[in-house]
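Quick notes on the structure that follows.
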2 protein chains.
Amino acid sequence: MDAPPHWLTSEQQAAWDSFIRMQEKLIGRLSRQVQADSRMSPSDYIVLAKLTEAGGRMRLMDLAKLVEWEKSRMSHQVGRMAKRGLVTKEDCPDDGRGAFIVATPEGREAIEEAAPVHVEHVRRLFIDALTQEELDALARIANRVLTHMEKQPD
Amino acid sequence: MDAPPHWLTSEQQAAWDSFIRMQEKLIGRLSRQVQADSRMSPSDYIVLAKLTEAGGRMRLMDLAKLVEWEKSRMSHQVGRMAKRGLVTKEDCPDDGRGAFIVATPEGREAIEEAAPVHVEHVRRLFIDALTQEELDALARIANRVLTHMEKQPD
DNA sequence: CTAGTGTGGATGACACGTCAACTAAATGGC
DNA sequence: GCCATTTAGTTGACGTGTCATCCACACTAG
């Protein structure tokens, strides 16, 4: 009969707006900073971080799952990174289709140089703005949203 | 003497990871949904929403400031949207450099159709996962981070 | 062994964002 | 009025993300 309540309450809207705004500003700024002081793209950073963290040698598909990317995106990304000398691709003996992605020394050096700087930025922009209680609250909220999302269709 | 504490505590790291993960999943999913059920890109949606909200006729620069984009991005975006018939560009009589961006009827129709669906998705994926207290807490945290970021260099 | 299916990965077309350079008109000082 | 400086907006190159498609190899059933 009567239409469902289409819009958000002003409090809900305010929360959503604040979240979106903060998320955009924060991510945007961190991205620009990674690029500025490491000459790597944010994607390069993530991939290299996860790759070296896992030993520096991984199957493309495993890497994609680890970072939660689709394989196509990872394939493109790895291709570009190979062109820049950050990683190399090796054939996989066990699986004729397979490819190992291997971090080059330059790649290792790049990430080892970039990581502390990046963490410093995260601390300065984000961590330092909040108390540990607020961080805990945020983590709890984020995890709640994540588990709730998993139950939703689509 | 001793190096500064380079890394985050495990609690800090956990909070950061949860936030990033939730943010990526949520934004990713909402983006795909906008595209799926409106045949508009997320950028189209935002621009059209803000534009019509403001009367459907605005200077490009004002629009850019409103959405907090740089003018270049807005110019490209508006160009594409014009090509798709969502907006048109009109010369500005008062300012020879200027351009008015005007939402076309098709643009208005598109956003009016897409908005309720999008809000429903936001509600379903995000709002419904949290209590009003949690939403308030999140808003407070987000605003804290935002004001803290404004004080930081860069 | 072989036919069908599934999986790892590459590829190409396209939309998007960023950066730097550029044009042209407005503005302010003199 | 004239020159220097802003400001509005465009443009092109480039790196990136997505989607659909494709290929080669692996696996399984028969």
Side-chain angles (χ1 to χ4, degrees), chain A residues 24-25 27-36 38-48 57-102 154, chain B residues 24-25 27-36 38-48 57-102 154:
Chain A
E24 275 172 1
K25 294 260 186 209
I27 302 296
R29 207 148 143 181
L30 286 172
S31 300
R32 268 174 264 123
Q33 268 157 351
V34 168
Q35 222 144 358
S38 80
R39 212 52 178 164
M40 295 187 345
S41 76
S43 303
D44 292 345
Y45 181 90
I46 298 172
V47 171
L48 265 182
R57 177 189 188 77
M58 220 186 309
R59 292 291 295 270
L60 188 144
M61 216 42 200
D62 295 341
L63 190 50
K65 276 172 201 144
L66 192 59
V67 194
E68 304 191 82
W69 284 6
E70 21 173 336
K71 58 182 179 174
S72 169
R73 179 176 180 186
M74 186 56 78
S75 181
H76 280 301
Q77 178 66 27
V78 161
R80 281 172 245 142
M81 290 174 71
K83 198 169 297 180
R84 290 175 216 137
L86 295 172
V87 300
T88 55
K89 285 183 266 186
E90 291 180 9
D91 288 355
C92 175
D94 305 4
D95 189 332
R97 304 162 295 183
F100 275 112
I101 313 303
V102 189
D154 278 5
Chain B
E24 276 173 0
K25 294 261 186 207
I27 302 297
R29 207 147 143 180
L30 286 173
S31 300
R32 267 173 266 122
Q33 269 157 351
V34 168
Q35 221 145 0
S38 81
R39 211 51 180 164
M40 296 188 340
S41 76
S43 303
D44 292 346
Y45 181 90
I46 298 172
V47 171
L48 265 182
R57 177 189 187 78
M58 221 186 308
R59 292 289 295 269
L60 187 143
M61 217 40 199
D62 296 342
L63 192 49
K65 276 172 202 145
L66 191 61
V67 195
E68 303 190 80
W69 284 4
E70 20 174 335
K71 58 182 178 172
S72 169
R73 181 176 179 187
M74 187 57 78
S75 180
H76 280 301
Q77 179 66 27
V78 161
R80 280 173 246 137
M81 290 174 72
K83 199 170 296 180
R84 288 175 217 138
L86 296 172
V87 300
T88 55
K89 284 185 265 188
E90 291 181 7
D91 289 354
C92 175
D94 305 3
D95 189 333
R97 305 162 295 183
F100 274 113
I101 313 303
V102 188
D154 278 6

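Order of the sequence lines fixes the chain letters, A, B, ..., with proteins taken first and strands second; residue numbering starts at 1 for each chain.
- The side-chain heavy atoms of B:Met74 and B:Ile101, taken from C-beta on, include no pair separated by under 4.5 Å.
- Side chains of A:Leu63 and A:Val67 form a contact here, defined as non-hydrogen atoms less than 4.5 Å apart.
- For the residue pair A:Cys92 and A:Ala99, the shortest heavy atom distance occurs at CB-N, 4.2 Å.
- In this structure, B:Lys89 places its NZ atom 12 Å from C1' of D:dA8, rounding to the nearest Å.
- Residues of residues 91-99 of chain B having a heavy atom closer than 4.0 Å to DNA chain D, listed by number: B:Arg97, B:Gly98, B:Ala99.
- You'll find the side chain of B:Gln77 reaches within 4.5 Å of the side chain of B:Ser41, heavy atoms only.
- Distance B:Glu24 CD to D:dG17 P: 11 Å, rounded to the nearest Å.
- The shortest side-chain heavy-atom distance between B:Arg57 and B:Glu90 falls under the 4.5 Å cut-off.
- Between A:Leu48 and A:Met81, the closest side-chain pair of non-hydrogen atoms falls below 4.5 Å.
- To the nearest angstrom, P of D:dT7 lies 16 Å from CD of B:Glu70.
- Contact of the A:Asp44 side chain with the A:Arg80 side chain is not registered, since no non-hydrogen atoms from C-beta on lie closer than 4.5 Å.
- Distance B:Lys71 NZ to C:dC19 P: 13 Å, rounded to the nearest Å.
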Distances for protein N/O vs nucleotides 12-16 of chain C N/O pairs under 3.5 angstrom?
residue : atom : partner : partner atom : Å
C:dG12  : O6   : A:His76 : NE2          : 2.6
C:dC16  : OP1  : B:Ser41 : OG           : 2.9
C:dC16  : OP1  : B:Arg84 : NH2          : 3.4
C:dC16  : OP2  : B:Arg84 : NH2          : 2.0
C:dC16  : O5'  : B:Arg80 : NH1          : 3.2

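- Here C:dA10 is the nucleotide among D:dC19, D:dT11, C:dA10 with the atom lying nearest to any side-chain atom of A:Ser75.
- When side chains are defined from C-beta on, A:Phe100 does not count as touching A:Met58, because their heavy atoms never get closer than 4.5 Å.
- Atom pair B:Met74:CE and C:dT18:C1' shows a separation of 15 Å (rounding to whole Å applied).
- Between B:Arg32 atom CZ and D:dA20 atom P there is a gap of 12 Å when expressed in whole angstrom units.
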